[in-house]
Engineer: 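I have a structure here, written as structure tokens, and I will follow up with some questions on it.
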2 protein chains.
Amino acid sequence: MLDSIDILKRNTLSVTESRKAILDLFIDTDGALAHADIEKNISNDFDRVTVYRTLQTFFENGIIHQIPTTDNTVLYALCKDKCEAGHHHDEHVHFICNLCDKTICLDEVTVPQVKLPKGFKPLQKAMVVKGICAECKN
Amino acid sequence: MLDSIDILKRNTLSVTESRKAILDLFIDTDGALAHADIEKNISNDFDRVTVYRTLQTFFENGIIHQIPTTDNTVLYALCKDKCEAGHHHDEHVHFICNLCDKTICLDEVTVPQVKLPKGFKPLQKAMVVKGICAECKN
DNA sequence: TTGATTTTGCAACAATATTGCAAATCATGT
DNA sequence: ACATGATTTGCAATATTGTTGCAAAATCAA
Ligand SMILES: [Mn+2]
Ligand SMILES: [Mn+2]
Ligand SMILES: [Zn+2]
Ligand SMILES: [Zn+2]
């Protein structure tokens, strides 16, 4: 398993305390993180603005991907495969648990193809499923 | 086609100027609307807070549904079928055009079933496809 | 170790969202 | 049509969230 320093170097990014801390948080967390989650965890050590800028940098470098939500929020999660800048290939299903509220990358579940009406050209697709996760099922 | 007054009455909601105006905007617009879009169109006549409260009311009554995004925004679109409070059945694909930036409800394209890992219980699902829409294709 | 480059924190600002409350509007029954 | 109560609205205050410029600090490459 790669650690945070490896990931930063692999992407030719400066290795800084804040980047390491935020990346470690992603690595240690199962489930996606919103900006607010990160802020709660590390805002004693780093500035809010740094979190914004770090998330943007990670996203641009294909270190994290985004998950759409319906609450004026964006969730972020680590990219498993090597995603290139601007060209992510994380077309897996995301699962949001209504009970524990975790968002889980189902890396092995690919977003299925759909047949669109004539003229529509699909480029990226995202699928979010809500329900009860395997943990909370019991 | 039902007009805004019909829709409000059918949902036992008071018929007010702001609700009519916002609902008419949805009816007249092809494509989904964000809070900001609505504000631009009607904010001379109604307060921002009224827009928030109206969207919430419409959503709770199944008049509009939400579309998840990755830009700290929520899109709303009219429900075609009669959705009941809290129990929407708008599981159609949404298409976001990278060029004209419209979000279109593909009412005839159902979100496909996916096989989830053991233990996950799906309750709702959403699918958003980005690309070039039929209008912009030409 | 040095100097150039990048990143960070701070401060100021902008934009977006929430809440309480009084006034206005609306629905209902007369 | 009018009175009444219930609902909705606008306003103001406040809170939360996101953006930008710039100087100081940290990082990188030589
Ligand atoms: Mn994911
Ligand atoms: Mn729709
Ligand atoms: Zn759960
Ligand atoms: Zn288009």
Side-chain angles (χ1 to χ4, degrees), chain A residues 3-26 32-61 63-64 66-76 85 101 103, chain B residues 3-26 32-64 66-76 85 101:
Chain A
D3 72 346
S4 51
I5 297 179
D6 295 329
I7 296 174
L8 291 171
K9 286 188 174 163
R10 163 170 309 206
N11 286 279
T12 57
L13 291 174
S14 300
V15 176
T16 68
E17 290 307 309
S18 47
R19 285 175 180 171
K20 275 191 288 179
I22 294 174
L23 199 38
D24 282 334
L25 188 57
F26 274 110
L33 296 169
H35 172 96
D37 300 320
I38 297 168
E39 210 177 305
K40 267 174 220 132
N41 269 278
I42 63 151
S43 101
N44 299 331
D45 304 314
F46 304 103
D47 194 84
R48 243 162 66 71
V49 178
T50 300
V51 177
Y52 283 111
R53 294 196 272 225
T54 302
L55 286 174
Q56 171 151 2
T57 299
F58 286 179
F59 178 65
E60 286 170 354
N61 284 85
I63 296 173
I64 57 179
Q66 299 181 322
I67 302 156
T69 73
T70 51
D71 63 352
N72 297 300
T73 263
V74 183
L75 293 171
Y76 298 91
D101 210 47
T103 297
Chain B
D3 74 346
S4 51
I5 298 179
D6 295 329
I7 295 174
L8 291 170
K9 286 188 174 165
R10 165 172 305 206
N11 287 278
T12 57
L13 291 174
S14 301
V15 176
T16 69
E17 290 307 310
S18 48
R19 285 174 179 171
K20 274 191 289 179
I22 294 174
L23 199 38
D24 282 334
L25 188 56
F26 274 109
L33 296 170
H35 172 96
D37 300 320
I38 296 167
E39 211 179 304
K40 265 173 223 134
N41 270 278
I42 62 151
S43 102
N44 300 330
D45 305 315
F46 305 104
D47 194 85
R48 246 166 74 73
V49 178
T50 300
V51 177
Y52 283 112
R53 294 196 271 226
T54 302
L55 287 174
Q56 170 150 2
T57 299
F58 286 179
F59 178 66
E60 286 170 354
N61 285 83
I63 296 173
I64 57 179
Q66 298 180 323
I67 301 156
T69 74
T70 51
D71 64 350
N72 299 300
T73 262
V74 183
L75 293 172
Y76 299 90
D101 210 47

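Just so we're on the same page: letters track the sequence lines, and every chain starts at 1.
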Engineer: How many angstroms lie between CD1 in A/Ile5 and CZ in A/Arg10, if you round to the nearest 0.5 Å?
Structural biologist: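 That separation rounds to 14.0 Å.
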Engineer: In whole Å, what is the span from the CD1 atom of B/Ile42 to the C1' atom of D/dG10?
Structural biologist: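 Value for this atom pair: 13 Å.
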Engineer: What string of B, S and - do you get for nucleotides 19-30 of chain C 5' to 3' if you count protein non-hydrogen atoms under 4.0 Å?
Structural biologist: BB-----SS---
Engineer: Could you tell me whether a side-chain N or O of A/Arg19 sits under 3.5 Å from a main-chain N or O of A/Leu8, the two making a donor and an acceptor?
Structural biologist: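 Judged by distance alone, no pair lies under 3.5 Å.
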Engineer: Does the side chain of B/Leu23 reach to within under 4.5 Å of the side chain of B/Ile7, using non-hydrogen atoms?
Structural biologist: yes
Engineer: Could you tell me the separation between the CD1 atom of A/Ile22 and the C1' atom of C/dT7, rounded to a whole number of Å?
Structural biologist: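 One finds 12 Å between C1' of C/dT7 and CD1 of A/Ile22, rounded.
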Engineer: Minimum heavy-atom separation for A/Tyr76 to A/Phe26, with atom names?
Structural biologist: O-CE2, 3.3 Å
Engineer: Do you know the tightest heavy-atom contact between B/Asp6 and B/Asp3?
Structural biologist: OD2-OD1, 2.8 Å
Engineer: Need the bend value for the helix from C/dT1-D/dA30 to C/dT30-D/dA1: angle between end axes, 5 pairs each end, nearest 10°.
Structural biologist: 50°
Engineer: Can you tell if the side chain of A/Ile63 reaches within under 4.5 Å of the side chain of A/Leu13, non-hydrogen atoms only?
Structural biologist: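 With C-beta onward as the side chain, the pair touches.
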Engineer: If you find the nucleotide of DNA chain C closest to A/Ser18 and the one closest to B/Ala36, which residue's nucleotide is nearer the 5' end?
Structural biologist: A/Ser18
Engineer: Could you state the CG-P distance from A/Asp45 to D/dA26, rounded to the nearest angstrom?
Structural biologist: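 My rounded result for the distance is 14 Å.
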Engineer: Of the non-hydrogen atoms in A/Ile67 and B/Thr70, which two are nearest, and what is the gap between them?
Structural biologist: C-CG2, 4.0 Å
Engineer: Measure CG/A/Leu55 against P/D/dT19 and give the value in whole Å, please.
Structural biologist: 11 Å
Engineer: Would you mind reading off the distance between A/Asp47 atom CG and D/dA26 atom P, rounded to a whole angstrom?
Structural biologist: 15 Å
Engineer: In whole Å, what is the span from the OH atom of A/Tyr52 to the C1' atom of C/dC13?
Structural biologist: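 Rounded to the whole Å, the gap is 14 Å.
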Engineer: Mark yes or no for a side-chain to base donor-acceptor pair under 3.5 Å between A/Arg48 and C/dG9, with no hydrogen or angle criteria applied.
Structural biologist: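 Per atom types, no contact qualifies.
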Engineer: Can you give me every donor-acceptor pair (side chain of residues 35-50 of chain A, partner residue at least two apart or in another chain, under 3.5 Å) with its distance?
Structural biologist:
from	atom 1	to	atom 2	distance (Å)
A/His35	NE2	A/Glu39	OE1	2.7
A/Asp37	OD2	A/Ala34	N	2.7
A/Asn41	ND2	A/Asp37	O	3.2
A/Ser43	OG	A/Glu39	O	3.4
A/Asp47	OD2	A/Val49	N	2.8

Engineer: For the pair made of CD in A/Glu39 and C1' in D/dA15, what is the distance, rounded to whole Å?
Structural biologist: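 After rounding, the reported distance stands at 13 Å.
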Engineer: Under 4.0 Å from OP1 or OP2 of C/dT16: is there any side-chain N or O of B/Asn72 that close?
Structural biologist: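 For C/dT16, OP1/OP2 do not have a side-chain N/O of B/Asn72 under 4.0 Å.
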Engineer: At 4.0 Å (heavy atoms only), tell me whether A/Asp71 reaches a base, stays on the sugar-phosphate, or touches nothing.
Structural biologist: nothing
Engineer: Would you mind reading off the distance between B/His35 atom NE2 and D/dG18 atom C1', rounded to a whole angstrom?
Structural biologist: 16 Å
Engineer: What is the minimum heavy-atom distance between A/Asp24 and A/Ser4, and which atoms define it?
Structural biologist: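 Closest pair (atom of A/Asp24, atom of A/Ser4, distance): OD1-OG, 3.0 Å.
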